[in-house]
Participant: 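One structure follows; several queries about it will come next.
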Amino acid sequence: NDVKVKEVHEKEGELLHYTDQPMEAGTEVQGCIDWARRFDLMQQHSGEHMVSGLIHEAYGYDNVGFHMGSDTITIDLNGPLDEAQLAEIERKTNQKIWEDTQIKIIYPTAEELEKIESPTGVNLVYGGRQLGKTALLRMAQKDVDKNENGDRAVIVDIHDKDYHEAAEAVSAVLYDEGILKKENITDDWGILARDIKNRLRDTKEPIPYFLLLLDEADRFIESSEAVNYQPFDALKDIQGIGSGKFKFVVAGLRNIIRFKKSSVLKNNNSLVHLDSLTIKPFKAMEARELLEVPLSYLGFRFPKDSETEVLVSTIFGTTNYFPGLLQLYCTKMIETMKRDYAGYSESETPPYYVRKEHIKKVLAEQSLQNDIYNKFSITLKIGNDDFYYIIALLVAYHYHNDKSSSGCDARKLLELADTYCIKKLTALGEEKIDALMEEMCELNVLQHTGDGRYRFARHSFCQMMGTPEHIDNELEKYMED
């Protein structure tokens, strides 16, 4: 109504708006955002997060309060910084801004976070690419590390490290974090477990609860098989120091208990007794939240009508409910709106309504399809581990040749793999092939059709594997004499 809101205060549970001119009681109003001010505050707030994060990373200090003004921002910290340290933080912040790093937004469930953070929660976390597994671990670390109770949480990336290299990497990071001493750096898990237990028994500098998070742990897990998973025995031994004192979480792509069942069950080792959590693609409500909430902060709204609902469902189907793909779609949606929305301007007042034409245009863009294909390929090809990709090729081959909608089972895939002399697959055996196909179901790539048979969860996945000729050529690349 062209009446400006000067201030907003909360009083006894009610929000009070103070305006620049009086209004009659009972007047119906339509609120709108002062976009220039909102955008300025968004930039200030993002900058404050970057500065606070870099300070915490470098010095361990926490942001205990901040104020955003028209000219300056103040940040209250629980530790001192000198001029040289502030200058270095400013340099690092500007560097991050220049890098224009993509910001990822995830909405983990409270249940998932609780299972990772709690001393009585899970020890193993599985899940494919694009699902926000690493971000989930980082959120858990942020929640627990140096909290008001004085707990510690440390995350260590052990990508492509065997169990010896992983122990050395973990002990080095714990030294950097001030938890262990330099002489405690070791590649022996037994020694490392002893040193961590001794540190947790220290009453002079006590750590009430220590959460150790090991990310990208696939090679570590695989290499541990050679020593009957003794590193897990060592980690579990630390957990026995006392209730609520220590917990470890190991995150990887593959459910090792399912994939190497006979090896894991042999000798009744520790892995059998560890609880696990599988990170899966979003459910409908979670996907909707990730689609709509971040866009709403930028002033975008989806009309509430049946046609829009159908198109939103198509977005979810196209992106397979993967958080990374949903964010990719949202990025392209914003680009399209900026190009094609009549009167769109970030300096003008939202809301901007996302019309069916915008949704259809983005869904039809070849660049989106290419990006989805590339990210789909990343899901199927994990470094040198291309078992998912080979299985997907064989499922597509079976579909094109048998024209069966009921799918195929692990035995049939082994027969096809034998026909193509794909020894890396035939060497796995039926049980492991079935375990891999089960994992692909958890990624929403495959689905069950009954009697141990599987097919693609969406026909578009079969299309993305290529023409029958392309599939045949790809399978021939895996042939061995």
Side-chain angles (χ1 to χ4, degrees), residues 1-5 8 15 17 19 23 26-43 45-46 102-109 130-132 281-372 375-376 444 457-460:
N1 298 24
D2 295 325
V3 177
K4 291 187 176 181
V5 177
V8 180
L15 291 176
H17 293 69
T19 59
M23 303 179 68
T27 302
E28 186 175 318
V29 300
Q30 179 178 351
C32 57
I33 297 171
D34 181 349
W35 186 244
R37 175 167 169 74
R38 164 64 70 85
F39 192 66
D40 177 49
L41 292 178
M42 287 167 63
Q43 291 178 307
H45 202 163
S46 295
Q102 180 184 4
I103 296 174
K104 293 185 177 180
I105 303 171
I106 66 167
Y107 289 88
T109 66
Q130 321 291 329
L131 297 179
F282 278 166
K283 296 177 182 177
M285 290 299 294
E286 296 165 334
R288 183 125 206 166
E289 186 175 16
L290 183 59
L291 177 69
E292 293 188 350
V293 173
L295 287 175
S296 72
Y297 294 150
L298 293 174
F300 295 104
R301 302 287 186 275
F302 286 85
K304 302 299 182 184
D305 58 60
S306 57
E307 185 172 9
T308 301
E309 290 298 312
V310 171
L311 289 170
V312 167
S313 296
T314 304
I315 295 172
F316 296 153
T318 302
T319 58
N320 200 31
Y321 292 84
F322 277 30
L325 297 182
L326 278 167
Q327 291 191 322
L328 174 67
Y329 180 88
C330 290
T331 300
K332 293 190 175 293
M333 171 68 73
I334 293 169
E335 292 171 358
T336 298
M337 297 286 285
K338 289 176 72 171
R339 286 197 309 266
D340 301 330
Y341 198 101
Y344 176 93
S345 170
E346 289 178 346
S347 63
E348 299 296 327
T349 300
Y352 307 106
Y353 283 97
V354 181
R355 306 296 180 191
K356 59 184 179 182
E357 293 79 13
H358 301 126
I359 298 174
K360 289 179 177 178
K361 184 166 186 176
V362 176
L363 287 171
E365 282 189 8
Q366 188 58 46
S367 61
L368 175 68
Q369 300 303 321
N370 292 340
D371 285 339
I372 287 176
K375 289 185 179 291
F376 180 65
N444 279 0
R458 304 182 194 287
H459 182 64
S460 59

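Worth knowing before you read on, the calculation uses all heavy atoms, side chains too, and leaves out hydrogens, waters and symmetry mates.
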Participant: Rounded to the nearest 0.5 Å, what separates atom CD in Glu289 from atom CG in Leu326?
Facilitator: 12.0 Å

Participant: Applying ring pair (Phe, Tyr, Trp, His ring centres under 6.0 Å), can you list everything that pairs with His459, at least two apart in sequence or on another chain?
Facilitator: Tyr399

Participant: What I'd like to find out is whether the side chain of Thr318 reaches to under 4.5 Å of the side chain of Leu325, using heavy atoms alone.
Facilitator: no

Participant: Among residues at least two apart in sequence or on other chains, which ones pass ring pair (Phe, Tyr, Trp, His ring centres under 6.0 Å) with Phe302?
Facilitator: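 Testing Phe302 for ring pair (Phe, Tyr, Trp, His ring centres under 6.0 Å), a comparison that skips the adjacent residues, returns none.
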
Participant: CD/Glu292 to SG/Cys330 distance, rounded to the nearest 0.5 angstrom?
Facilitator: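 That separation rounds to 9.5 Å.
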
Participant: Taking the side chain as every heavy atom from C-beta outward, state whether Ile359 and Ile315 have any atom pair closer than 4.5 Å.
Facilitator: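 Yes, their side chains come closer than 4.5 Å.
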
Participant: Taking side-chain hydrogen bond (donor to acceptor under 3.5 Å, both in side chains) as the test, write out the residues that go with Glu307, two or more places apart.
Facilitator: Lys356

Participant: Any chance you could measure Glu28, atom CD, to Met23, atom CE, to the nearest 0.5 Å?
Facilitator: 10.5 Å

Participant: Salt bridge (charged side-chain N to carboxylate O under 4.0 Å, His left out) with Glu365: which residues, sequence neighbours excluded?
Facilitator: Arg339

Participant: Could you grab the distance from atom CZ of Arg301 to atom OG1 of Thr308, nearest 0.5 Å is fine?
Facilitator: 14.5 Å

Participant: Can you check whether Leu363 reaches Tyr329 side chain to side chain, under 4.5 Å on heavy atoms?
Facilitator: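 They are in side-chain contact.
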
Participant: List in chain and number order the residues that pass side-chain hydrogen bond (donor to acceptor under 3.5 Å, both in side chains) with His45, two or more places apart in sequence or in another chain; answer none if no residue qualifies.
Facilitator: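 Listed in chain order: His49.
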
Participant: How long is the gap from CZ on Arg458 to CG on Asn444, to the nearest 0.5 Å?
Facilitator: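 Going from the CZ atom of Arg458 to the CG atom of Asn444 covers 6.0 Å.
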
Participant: To check you understand the geometry: which heavy-atom pair defines the closest contact between Phe316 and Ala284, and what is its length?
Facilitator: CE1-O, 4.3 Å

Participant: If you look only at pairs with a residue in residues 312-332, which of them pass as a salt bridge (Lys or Arg N to Asp or Glu O under 4.0 Å), with sequence neighbours excluded?
Facilitator: Lys332-Asp371

Participant: Distance from Leu311 atom CG to His358 atom NE2, nearest 0.5 Å?
Facilitator: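 Between Leu311 CG and His358 NE2, I get 12.5 Å after rounding to 0.5 Å.
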
